[in-house]
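Note: hydrogens, waters and symmetry copies are ignored here, and every other heavy atom, side chains too, is used. Proteins come first, then strands; the chains are lettered A, B, ... in the order of their sequence lines, and each starts at number 1.
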Protein chains: 4
Amino acid sequence: MGAVKTKRMPRAVREQQMLDAAVRTFGQRGYMAASMDEIAELAGVSKPLVYLYLNSKEDLFTACIRREATALVAAVRAGARPGLPADRQLWSGLTAFFTHTARHPDGWAVLHLQARTHGVVFAAEVAAMRAEIVEFVTQLILAAARDAHRDPDLPEREVAGLAEALVGAAESLADWANTTPGVTVRQSAATLMNFAWAGLGDLMAGRRWTPPDDEPGPETAQSGLTSPVT
Amino acid sequence: MGAVKTKRMPRAVREQQMLDAAVRTFGQRGYMAASMDEIAELAGVSKPLVYLYLNSKEDLFTACIRREATALVAAVRAGARPGLPADRQLWSGLTAFFTHTARHPDGWAVLHLQARTHGVVFAAEVAAMRAEIVEFVTQLILAAARDAHRDPDLPEREVAGLAEALVGAAESLADWANTTPGVTVRQSAATLMNFAWAGLGDLMAGRRWTPPDDEPGPETAQSGLTSPVT
Amino acid sequence: MGAVKTKRMPRAVREQQMLDAAVRTFGQRGYMAASMDEIAELAGVSKPLVYLYLNSKEDLFTACIRREATALVAAVRAGARPGLPADRQLWSGLTAFFTHTARHPDGWAVLHLQARTHGVVFAAEVAAMRAEIVEFVTQLILAAARDAHRDPDLPEREVAGLAEALVGAAESLADWANTTPGVTVRQSAATLMNFAWAGLGDLMAGRRWTPPDDEPGPETAQSGLTSPVT
Amino acid sequence: MGAVKTKRMPRAVREQQMLDAAVRTFGQRGYMAASMDEIAELAGVSKPLVYLYLNSKEDLFTACIRREATALVAAVRAGARPGLPADRQLWSGLTAFFTHTARHPDGWAVLHLQARTHGVVFAAEVAAMRAEIVEFVTQLILAAARDAHRDPDLPEREVAGLAEALVGAAESLADWANTTPGVTVRQSAATLMNFAWAGLGDLMAGRRWTPPDDEPGPETAQSGLTSPVT
DNA sequence: CATGAATGAGGGTTCATTCAT
DNA sequence: CATGAATGAACCCTCATTCAT
């Protein structure tokens with residue numbers, strides 16, 4: 001198994017092969033369970049060559065994270081074209097996101113599962129990428145508010161929290177779609193848009209769901225599903 | 001550190017001590033980095049006894065997952081009392097969830113981070129628990145629809161997706177709250193309720209955000225935040 | 001080969017076996033060329049046990065140095081009994097030294113060759129032992145001066161230099177005796193006594209060999225072998 | 001750093017550059033810790049060329065030993081000019097020896113430390129050179145005896161031992177001088193001459209320090225510093 | 001049951017050494 | 001000859017796991 005053993009390739013090519021193998025192995029086995037032996041074999045090279053090019057397991061993992069993070073951000077940015085209205089941009093950004101994570105499940109596992117579980121150094125690496133996406137979504141939300149000519153009193157802090165929640169929900173859905181068979185990209189994106197867009201609209205309109213007092217006891221709460229809307 | 005070394009305890013108690021130590025070690029060090037030596041020492045027990053009671057590292061980890069999963073589900077179920085209206089049930093269920101994950105960060109790390117990153121066997125174990133919670137939320141959504149006397153055309157698949165998204169968002173928020181200092185349980189729950197409830201209400205009212213055709217091309221869509229309502 | 005594989009020995013015994021094997025291997029192969037595998041096999045144990053008891057190759061080497069250094073100093077001290085006159089004490093100290101180094105050639109190689117060639121940490125370890133012996137010899141020289149009622153103007157600094165030279169010569173002779181077949185302990189000791197004792201006496205009497213001017217050119221120097229004596 | 005990269009040099013020159021780099025690296029890092037990569041880089045040469053010219057690490061090391069040994073012997077021989085009386089010849093030989101070792105510390109480290117600590121093959125190489133120097137010193141001692149017209153009963157074996165001791169002491173002093181700052185060549189040579197010359201003179205005059213019987217027991221020996229003379 | 005003794009198996013890392021270009 | 005690509009063979013170290021007492 002593994003790539004066909006072709007000899008004497010230029011360094012750049014070999015490095016990509018190694019990163020391919022590493023992402024796959026790290027994504028499936030996990031960072032610690034992945035052995036450099038397995039990665040080297042899967043890449044069709046000897047272990048010393050992996051070390052010659054990528055120095056150490058940590059560096060190799062970091063290189064994987066960087067490559068996958070860059071690719072993911074690029075995919076999302078390429079998906080959401082700036083000319084469109086905000087909701088359409090969000091839609092196509094989500095579509096691109098789900099498409100990319102579905103096409104690169106190991107890369108996504110490396111970013112979302114492995115990198116966050118094995119040391120702050122790696123976690124920081126993905127946190128940087130995530131922050132970029134969150135910022136992107138934040139701008140989208142603000143743009144949507146401008147589009148709707150409604151900018152009542154949404155403090156920047158709250159917008160950031162909403163973007164966090166949206167991104168978090170998207171990440172969870174990506175995991176779910178990757179694990180559950182038969183879920184299409186459009187379904188995931190549509191679910192999330194439906195789930196989130198109205199909530200955003202309500203918030204911007206100043207309508208909120210008010211939590212009850214802390215330990216309410218038996219009271220006749222009459223809040224229904226339609227209550228926040230009206 | 002570690003439990004005080006007391007002799008001759010009944011097996012059930014000893015096992016709980018071991019699981020306590022294991023959950024803590026697995027949660028903090030990670031599955032692979034946790035050593036049986038450390039767990040045994042933290043439990044105040046000799047290593048052979050750990051093997052006598054729990055067979056292997058894998059079995060020990062599985063036992064940890066099962067115990068923590070059961071506890072989490074129980075906490076959520078206990079939180080949401082059946083008599084209340086659906087949104088209040090969801091609110092108290094979320095509150096219970098965030099409270100539990102905040103009080104048992106190592107258990108939560110075991111379930112949400114470690115179990116999903118180290119082999120399908122463990123992942124399946126948490127998937128079962130998660131399915132239980134998702135089903136619980138699904139029933140809540142359906143009950144909410146009944147409460148509102150509006151059950152137009154919500155296909156089961158879509159409800160499942162919504163429940164997934166809600167649970168996923170809750171999980172993300174739990175992680176975020178566990179990592180970010182100064183975030184209270186009420187804040188997390190309120191953020192999520194605000195974010196989600198309106199979307200759910202809109203969906204049940206038949207209002208949805210309609211995705212564009214697949215490769216949209218340059219079209220002059222002027223949908224703003226209110227557009228999905230129309 | 002190696003020790004007969006006896007199982008379940010108390011730790012102290014096993015440790016000595018390991019140190020025996022380590023001293024032998026380090027002495028013959030050298031620190032870097034010695035492999036932990038070989039040492040473990042020679043000791044009749046598995047490699048992990050060596051690590052369990054002695055932590056690392058460095059620690060193992062340090063333990064070897066300490067054990068051999070302590071043994072050597074003890075042997076020399078035991079040899080030179082305090083009641084005798086200084087020259088006799090020196091004689092028996094030298095005899096003990098040569099006897100010990102001849103009986104433990106690997107230990108001597110560890111101390112004199114390996115420890116000095118592989119890192120300052122190890123070198124410092126033997127330097128401490130050597131300083132102890134040099135101090136011992138220094139005291140012997142001073143005692144000899146007292147015995148002979150001649151304490152003219154021998155500055156402490158010079159005595160230290162002489163002790164250094166004497167110890168250095170003894171070390172070299174030990175190497176030589178270990179490498180050249182047919183050299184007895186008595187021969188080595190006698191050679192060194194004859195070589196050194198008169199020089200010491202002359203120095204204490206204030207007689208020195210005076211070096212010529214720096215670049216003398218062709219001059220009729222008439223210093224013979226007897227000149228310093230007179 | 002390293003030699004300036006100049007192209008197309010004759011083989012002999014290239015080889016010397018490699019040997020220079022090798023001696024320096026071996027002397028500072030030690031035989032095993034020195035890597036062929038480092039040597040090649042320091043020599044300003046590609047690694048395959050090193051192998052083309054010098055075959056292997058072992059051969060390269062042997063070549064270093066031979067070159068440095070030859071240079072050292074030549075320096076000593078050149079120092080001691082045959083016309084002078086024996087003590088002056090010894091003096092100038094020692095001076096040359098200390099001068100050379102001080103000027104080529106890496107070469108000296110290779111000969112005296114590295115070659116003796118890494119396998120019998122290398123040790124034999126330096127042993128041959130050392131034998132040459134010892135023989136040279138032996139001849140000097142015999143010449144001195146002739147000069148003094150006193151050749152009583154000096155057995156060849158004993159002369160050899162004396163030469164060994166003298167050379168060994170010189171070697172120790174060279175190490176000491178190389179490690180201790182502020183020690184001049186003249187000081188080293190003077191120390192050794194003072195230390196040794198009287199002993200030699202006494203021996204040639206037939207005066208020796210007589211060792212006691214093997215297991216002496218409690219006897220009232222009152223030998224002081226002057227006793228061997230009597 | 002608790003303890004100390006003990007190990008098989010494997011993981012990360014390095015290095016001398018060799019070809020093809 | 002110089003260079004970059006490539007590797008076989010170790011080496012140090014660790015850990016889950018098991019017995020004998």
Q. Is the shortest side-chain N to carboxylate O distance from A:Asp20 to A:Arg67 below 4.0 Å?
A.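 Answer for the salt bridge query: yes.
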Spatial distance of atom CD (D:Glu125) from atom CZ (D:Arg66) [nearest 0.5 Å] =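 D:Glu125 atom CD to D:Arg66 atom CZ measures 4.0 Å (nearest 0.5 Å).
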Starting at atom [atom1] of [X], determine the distance to atom [atom2] of [N], rounded to an integer number of angstrom.
X: A:Leu54; N: F:dA6; atom1: CG; atom2: C1'; value: 15 Å
X: C:Arg8; N: E:dG4; atom1: CZ; atom2: P; value: 12 Å
X: C:Lys57; N: E:dT13; atom1: NZ; atom2: P; value: 18 Å
X: C:Met18; N: E:dT7; atom1: CE; atom2: C1'; value: 12 Å
X: C:Leu60; N: F:dC13; atom1: CG; atom2: C1'; value: 13 Å
X: C:Asp37; N: F:dA10; atom1: CG; atom2: C1'; value: 9 Å
X: A:Glu41; N: E:dG11; atom1: CD; atom2: P; value: 12 Å
X: B:Glu38; N: F:dT14; atom1: CD; atom2: P; value: 14 Å

Closer than 4.0 Å, any side-chain N/O of [X] to the OP1 or OP2 of [N]?
X: C:Arg14; N: E:dA6; value: yes
X: A:Tyr53; N: F:dG4; value: no
X: D:Tyr51; N: E:dC19; value: no

Fill in: 5'-most by nearest nucleotide on DNA chain F - D:Ser46 or C:Ala33
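Nearest-nucleotide comparison on DNA chain F picks D:Ser46.
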- Message: Both B:Pro48 and A:Leu52 contact DNA chain F. Taking the nearest nucleotide for each, which residue is further toward the 5' end?
- Response: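 The residue mapped nearer the 5' terminus is A:Leu52.
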Contiguous pairing runs of three or more, Watson-Crick or G-U under 3.5 Å, that involve DNA chain F |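 Stem list for DNA chain F: E:2-21 with F:2-21.
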| said: For the backbone of A:Trp108 and the side chain of A:His112, can you confirm whether one donor and one acceptor N or O come within less than 3.5 Å of each other? | reply: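 Side chain of A:His112 to backbone of A:Trp108, a donor-acceptor pair under 3.5 Å: no, none is there.
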Check: Hey, is the main chain of B:Glu41 close enough, under 3.5 Å, to the side chain of B:Lys47 for a donor-acceptor pair?
Finding: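 No, B:Lys47 side chain to B:Glu41 backbone: no donor-acceptor pair under 3.5 Å.
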Residue pair [X] / [Y]: nearest heavy atoms and the distance that separates them:
X: D:Phe26; Y: D:Gln114; value: O-CG, 3.6 Å
X: A:Val13; Y: A:Met9; value: CG1-CE, 3.0 Å
X: D:Thr117; Y: C:Leu113; value: CG2-CB, 3.4 Å
X: A:Arg11; Y: A:Leu52; value: NH2-O, 4.3 Å
X: A:Ile65; Y: A:Val126; value: CG2-CG1, 3.7 Å

request  = Using heavy atoms to find the nearest nucleotide of DNA chain E for D:Asn55 and C:Pro10 separately, return the residue whose nucleotide is more 5′.
outcome  =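 Its nearest nucleotide lies further toward 5', so the answer is C:Pro10.
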* Most 5' of C:Arg11 and A:Glu58 on DNA chain E, judged by nearest nucleotide ->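 Closer to the 5' end of DNA chain E: C:Arg11.
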Which part of the nucleic acid, if any, lies within reach of [X] when heavy atoms closer than 4.0 Å are counted: base, sugar-phosphate only, or nothing?
X: D:Ala34; value: sugar-phosphate
X: C:Ser35; value: sugar-phosphate
X: B:Leu49; value: sugar-phosphate

### Message
Starting the side chain at C-beta, find the nucleotide from E:dG12, F:dA6, F:dC12 nearest to C:Met36.
### Response
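That would be F:dC12.
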Classify the ring geometry of A:Tyr31 against A:Phe122: parallel below 30°, tilted from 30° to 60°, perpendicular beyond 60°.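 A:Tyr31 vs A:Phe122 ring planes: perpendicular.
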Taking DNA chain F as the partner, which of residues 21-31 of chain A come within under 4.0 angstrom of it by heavy atom?
->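 Nucleic-acid contacts, sorted: none.
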- Message: With hydrogens left out and only the distance checked, is there a donor-acceptor pair under 3.5 Å joining A:Lys47's side chain and the base of E:dT13?
- Response: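 In this structure, the two groups form a donor-acceptor pair.
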